[in-house]
K.L.:
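The structure is given below, and queries will be raised subsequently.
Just so you know, these numbers use all the heavy atoms, side chains as well, and skip hydrogens, waters and symmetry mates. These figures come from a predicted structure and were not determined experimentally. Atoms within each ligand, like the ligands themselves, are counted from 1 in listed order.
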Amino acid sequence: MSALTELEIFNNTSKIPEGWYWVNPSRSLKKGKIQHLKMLGKDFALFRSESGRVGLLEAHCPHMGAHLAEGKVEGESVRCFFHHWKFDREGNLEDIPCRSKLNLRIKTPSFLVEEHYGMIWLWVGGEIPGPLPYVPELKDQEVDFLHGTPFIKACHPNVMMINAIDAHHFTSVHKLPVHLNLEPKIIDQRTIQFNNTTNVPNTNMFTRFIGRFYKGPLTYSMCYFNAHTGTVTVGPDFLHFHIMFALRQNELGQAEGQTILVTKKRKGFIGKLVNAVLLELTRHVGNYFAKGDTEVFKTIKFHFKHPLIEDNSIIKFIQHAEKMNYANWGLTPFASDSYSHKTEVSHEKIN
Ligand code: FES
Ligand SMILES: [Fe+2]
């Protein structure tokens with residue numbers, strides 16, 4: 001398996017797999033507000049229109065480069081602070097106040113954003129976006145959710161993502177009394193799911209007690225989206241917990257993460273109460289997973305030189321990631337000299 005030491009996309013800060021990346025919680029952006037956003041090495045102006053739609057524009061105004069987030073939201077558009085040019089959500093220039101007639105066709109780059117599970121997501125990739133990250137058991141269902149505390153791990157997001165399917169370390173680090181066998185199932189080019197196939201062993205009173213809550217194999221599954229976001233489903237047959245780990249890399253190449261805890265919608269006041277308790281409980285399950293590995297991620301230098309058969313799920317995950325489309329997004333900060341090829345430039349003749 002020499003290919004595992006010569007990886008092109010996996011653990012590579014300059015090649016970002018095509019997919020959706022978490023931006024900010026929806027509640028942090030009120031109607032009519034605009035914010036500076038630095039993400040995946042680029043500067044943006046993130047705003048919510050007065051009708052409530054989220055927009056994302058390249059940060060710097062195509063006129064003279066002022067940061068658009070210094071401006072303000074006007075209806076569905078953004079007005080630049082400096083000379084008051086106005087751009088819609090698609091980046092089309094709508095108004096130059098010193099002109100009675102707009103005779104210039106200028107467009108500043110805009111980016112596709114959606115809201116899902118109370119989070120704003122950015123699409124990185126080609127023209128046609130794929131589905132947003134989801135909880136497989138609750139796909140297309142109404143849900144309630146809760147956001148955990150954002151976190152940073154000092155390694156590439158892909159490396160942190162491995163942790164959830166590293167069955168080998170569940171016994172060494174987390175002392176899990178069960179041996180997991182995580183079977184891969186490719187859903188599509190960006191999505192791969194791993195499902196446990198082993199039953200709870202009949203070794204002692206504790207495992208016999210736990211085993212009573214599972215008809216078949218112990219439920220543990222991980223569904224990955226573009227190798228940066230993953231949903232863990234765990235729990236006895238009568239109650240499944242769903243924890244989404246959404247990651248992106250920061251300018252140091254570290255994993256910047258946000259957990260999203262999800263449960264199916266339950267109706268009425270009692271339903272709301274049950275879900276509040278359940279989501280809080282899910283948060284604790286999520287914290288249990290995150291605990292114990294923190295130190296190793298501070299110093300790990302990922303180099304998979306000697307994979308074992310026991311590492312099979314990790315190998316499958318990496319191989320899947322290696323086949324993804326990627327955006328040559330780079331982590332170079334916005335440079336004014338690279339501006340002209342990214343923006344439609346329209347000059348007026350000046351004598
Ligand atoms: S820099 Fe934005 S309008 Fe002049
Ligand atoms: Fe772990």
Side-chain angles (χ1 to χ4, degrees), residues 34 36 43-45 47 55 57-74 77-88 91-99 102-110 148 151 153-180 182 194 196 220-222 224 230-234 241 243-245 247 255 257 259 284-300 302 310-311 313-314 317 334 336 339-340 342-348 350:
I34 187 159
H36 291 250
D43 287 314
F44 302 97
F47 69 101
L57 299 178
E58 188 162 276
H60 297 276
C61 179
H63 176 218
M64 213 185 269
H67 200 301
L68 289 176
E70 297 298 327
K72 58 179 186 192
V73 173
E74 245 184 59
S77 307
V78 167
R79 178 86 69 187
C80 179
F81 168 83
F82 217 2
H83 311 92
H84 293 188
W85 287 22
K86 188 169 124 180
F87 302 92
D88 68 11
N92 299 304
L93 178 64
E94 290 183 316
D95 181 33
I96 300 179
C98 69
R99 294 274 171 98
L102 185 65
N103 53 358
L104 284 175
R105 280 219 299 163
I106 293 178
K107 196 173 159 96
T108 196
S110 65
F151 58 86
K153 299 269 179 184
C155 65
H156 188 282
N158 295 158
V159 174
M160 192 200 157
M161 275 287 133
I162 285 178
N163 207 242
I165 50 163
D166 183 354
H168 206 155
H169 99 295
F170 284 142
T171 39
S172 59
V173 176
H174 300 286
K175 313 283 178 229
L176 210 73
V178 185
H179 174 74
L180 300 182
L182 298 167
F194 292 86
N196 179 46
Y220 180 86
S221 84
M222 177 56 155
Y224 289 110
T231 305
V232 170
T233 292
V234 65
F241 299 99
I243 307 146
M244 181 177 279
F245 296 93
L247 303 183
T259 49
H284 285 282
V285 176
N287 288 346
Y288 169 79
F289 276 101
K291 256 198 320 204
D293 305 296
T294 309
E295 290 306 313
V296 80
F297 287 126
K298 285 184 187 158
T299 49
I300 190 167
F302 185 78
E310 287 84 344
D311 297 318
S313 45
I314 300 173
F317 174 57
F334 185 86
S336 55
Y339 198 64
S340 53
K342 288 195 286 182
T343 313
E344 255 180 63
V345 176
S346 135
H347 297 281
E348 284 189 277
I350 298 166

K.L.:
Which protein atoms of type N, O or S are found under 2.8 Å from atom 2 (Fe) of ligand 1?
P.N.:
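Correct list: C61 SG, C80 SG.
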
K.L.:
Is any N, O or S atom of D293 under 2.8 Å away from the Fe ion (ligand 2)?
P.N.:
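Yes.
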
K.L.:
Identify the residue among L176, V232, V178 that makes a side chain to side chain contact (heavy atoms under 4.5 Å, CB included) with Y220.
P.N.:
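Exactly one option meets the side chain to side chain contact (heavy atoms under 4.5 Å, CB included) with Y220, and it is V232.
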
K.L.:
What residues, two or more places apart in sequence or in another chain, satisfy salt bridge (charged side-chain N to carboxylate O under 4.0 Å, His left out) together with K298?
P.N.:
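So K298 forms a salt bridge (charged side-chain N to carboxylate O under 4.0 Å, His left out) with E295.
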
K.L.:
Is it true that F297 and F151 have ring centroids separated by less than 6.0 Å?
P.N.:
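Between F151 and F297, which both carry aromatic rings, the centre distance is not below 6.0 Å.
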
K.L.:
Taking atom NE2 of H179 and atom CD of E310, what is their separation to the nearest 0.5 Å?
P.N.:
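Rounded to the nearest 0.5 Å, the NE2-CD separation comes to 7.0 Å.
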
K.L.:
So how far is it from L68 CG to F47 CZ, rounded to the nearest 0.5 Å?
P.N.:
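Here the rounded value is 9.0 Å.
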
K.L.:
Only to 10 degrees, please: what angle do the OD1 atom of N163 and the NE2 atom of H169 make about the Fe ion (ligand 2)?
P.N.:
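Nearest ten degrees: 100°.
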
K.L.:
Before you tell me yes or no, could you show the steps for F317 and M161 under side chain to side chain contact (heavy atoms under 4.5 Å, CB included), namely the whole-Å CA-CA distance, both residues' side-chain angles and the distance that decides it to 0.1 Å?
P.N.:
CA-CA 10 Å; F317 174 57; M161 275 287 133; 3.9 Å; yes

K.L.:
Could you state the interatomic distance from CD1 (I314) to NE2 (H169), rounded to the nearest 0.5 Å?
P.N.:
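Interatomic distance, I314 CD1 to H169 NE2, rounded to 0.5 Å: 9.0 Å.
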
